[in-house]
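Okay, here's the structure, questions in a sec.
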Amino acid sequence: MFTQQDNEDLTRVGPGTVMGEYLRRHWQPFLIADEVALADGAPMRTRLLGEDLIVFRDSKGRLGLLDRYCPHRRVDLFFGRNEECGLRCVYHGWKFDVEGNVMDMPAEPANSPLRDEVKIKSYPVMEWGGVIWAYMGPKEHMPERPPELEWGLVPAANRHVGKRLQENNFAQGVEGGIDSSHVGILHSMLDPSNPNASFRERQRAIDPKVSYLARDTAPKFFVRNTSYGLRIGARRNASDTEYYWRITQFLAPFYTMIAPRDPMSPIAGHAWTPIDDHNTWTFTFHWHPKNPLDSNYDPQSVNVPVHPDGSYRPINNRSNNYGINRDTQRLYSSSGIEGIGLQDSAIQETMGPIVDRSREILASGDAAIVAWRKLMLQQARHLKETGEVPLPKQPELYRVRSAGIVLPRGVDFEEGARELMKVA
Ligand code: FES
Ligand SMILES: [Fe+2]
C-alpha cells in the first residue's frame, strides 16, 4: 500500500524534505548550454528544487547561480546589471560575484563591515555534455563531476538535446519514462485504410518496425536492481522461438533511457529535473554512440514544439487539450495528439500536478513503477538515517545504455544484451 506519507516523501523536492535533500546530493541539469551563452548577457530567472534563482555568465565567462533576491531588501536580481565580473542589484548597487561574495556596496561607508559579513546564497554550476548543471547540496558532499551518462560523453555532433516544461511533479515524468507497457498503446498509429476494423487489428496492420509492440501489447516485466538504479526488461513475443526485449534503464535520481527500435538507431533518454513540486524540466536526449546525427535528423517527433520565449512551454498544452484532433484519433493514431513527447506530457500533466498514488489500482504492467517507487523512497530515507548517498560519488557507474533486441527464448535478457548495454 502506497500511503499519503509515501507520496509526500517521493514527490516533495524543497529544502528539508526527504526527497529534496536526496536530490540535492546530485548534480542537476537545468539549462541547455546555449541558454546563457553570452558573457555579461542578461541574467535569467530560473527555479530549481523549489528555490527561486538567478543565473548569469560574468565577464570572464564564468557561470553564477544565485538566490533570486538581493540579501539587502529582497529586490529581484533579474533587474540586475551584469557588469565587470559581477551582478549589481540596481536598487542600492550591492554587487555579487559568481561565488556570492560582495564586491561593492556603493551606498555604504567604505569601511563597512557588512562588505565581508554579507554573502548571497550561491550554488556551483558546471557545463558538461551540452547542458548546464547545478549542485545544490552541502559543499562537503559535492561530487567531482556530473554522472557520466553516455549522451554527455559522445561528441556534440552525435547528440541532440531538447527541452520542454512539464506542469507536473518529476516522479510522474520518471514513471512515464520507465513505463514500457504504454508504448504500444498511447503512442500507436492506426491503419487508416480500414476504419471499421477493430482498434487492435488496425494497430497490428501499421509499421512493421513496431509490429512486436502492436502484436504483443501485454509485455511481461523483469526488473533488476543495479548499482545505478534499475534495469527493466519488457518481454514481448516475437516468434515461437524468440522474444523481443525492450530494456529500459533508470539511473538515479531521474534519468531514463528508452529502448531504441533497433541496434543501429540513435538512443533516446530523458532527464526529469524538478523545478519545484509541481513543475519539471523534461530534457530529451538523442545520441548515437559512434556516428554524428544526420543534420536533418528528426528525433522521431519526440521533441515538442515550444514557445520561443525561453519558457519552453509547449505550443500545444493543457489550455487547448494539447491540440487533440478527434478525426486524427479516429483515423490515424490512438491519441489524436501530435508527437510522442506531447502525448506523454498530456497524460502526465492531466493526472494533476501530483497524482494521488494511494488511489491507483496497480496492475502487472506496473512492476517497474512499483520497484522504482520503492527504490527511491529507500534511497532517500537511507540518506535521512545515515547522512550518505554513495552513488553520485561514482559517476562512472552511469556508463550504460538501453537496448532493444530479439533473443532466443531461454536466454536471459541481461546476458543476451550485455554487449549492447555497455558503454566503452
Ligand atoms: S535591495 Fe539590492 S542593493 Fe538594496
Ligand atoms: Fe511515452
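Both ligands and their constituent atoms are indexed starting at 1 by order of listing.
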Q) Of all the N, O or S atoms in Asp344, which one sits nearest to the Fe ion (ligand 2)? A)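 Of the nitrogen, oxygen and sulfur atoms in Asp344, the Fe ion (ligand 2) lies nearest to OD1.
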Report the angle formed at atom 2 (Fe) of ligand 1 by atom SG of Cys89 and atom SG of Cys70, rounding to the nearest 10°.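 It comes to 110°.
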Tell me whether atom 2 (Fe) of ligand 1 has His92 as a neighbour, meaning an N, O or S atom of it below 2.8 Å. no
**Report entry** Check ion pair Glu349-Arg318 (N to O, under 4.0 angstrom)
**Finding:** no
Query raised in the report: Can you list the ligand 1 atoms lying under 4.0 Å from a non-hydrogen atom of Val75?
Result: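 Result: 1 (S).
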_Determine whether Tyr212 and Val406 satisfy the following criterion, side-chain contact (heavy atoms from CB on, under 4.5 Å), listing intermediate values before the conclusion._
CA-CA 10 Å; Tyr212 298 132; Val406 175; 3.8 Å; yes
Which heavy atom of the protein is the closest neighbour of atom 1 (S) of ligand 1, given with residue, atom name and distance?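 It is Arg73 N, 3.4 Å.
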- prompt: Does the distance from a Lys or Arg side-chain N to an Asp or Glu carboxylate O, for Glu83 and Arg88, drop under 4.0 Å?
  reply: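 Yes, this pair counts.
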Item checked: Ligand-side contact atoms (ligand 1) for residue partner Trp94, heavy atom cut-off under 4.0 Å ->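 Numbered from 1, ligand 1 contributes 3 (S).
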N, O or S from His72 under 2.8 Å to atom 2 (Fe) of ligand 1 = no
* Asked: Taking atom types as modelled, is there a side-chain donor on Asn7 or Arg373 under 3.5 Å from an acceptor on the other?
  -> no
Atom name of the N, O or S atom of His187 nearest to the Fe ion (ligand 2) is NE2
Gly93 heavy atoms within 4.0 Å reach ligand 1 at atoms 3 (S)
Less than 4.5 Å apart, any side-chain heavy atom of Arg57 and any of Glu127?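 SC-SC contact between Arg57 and Glu127 confirmed.
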What one should report as the nearest heavy-atom pair of Arg326 and Ile324 is NH1-CD1, 3.4 Å
Note to self: As a quick check of understanding, evaluate side-chain contact (heavy atoms from CB on, under 4.5 Å) for Val131 and Phe285, giving each step before the final call.
What the structure shows: CA-CA 10 Å; Val131 289; Phe285 301 92; 4.0 Å; yes
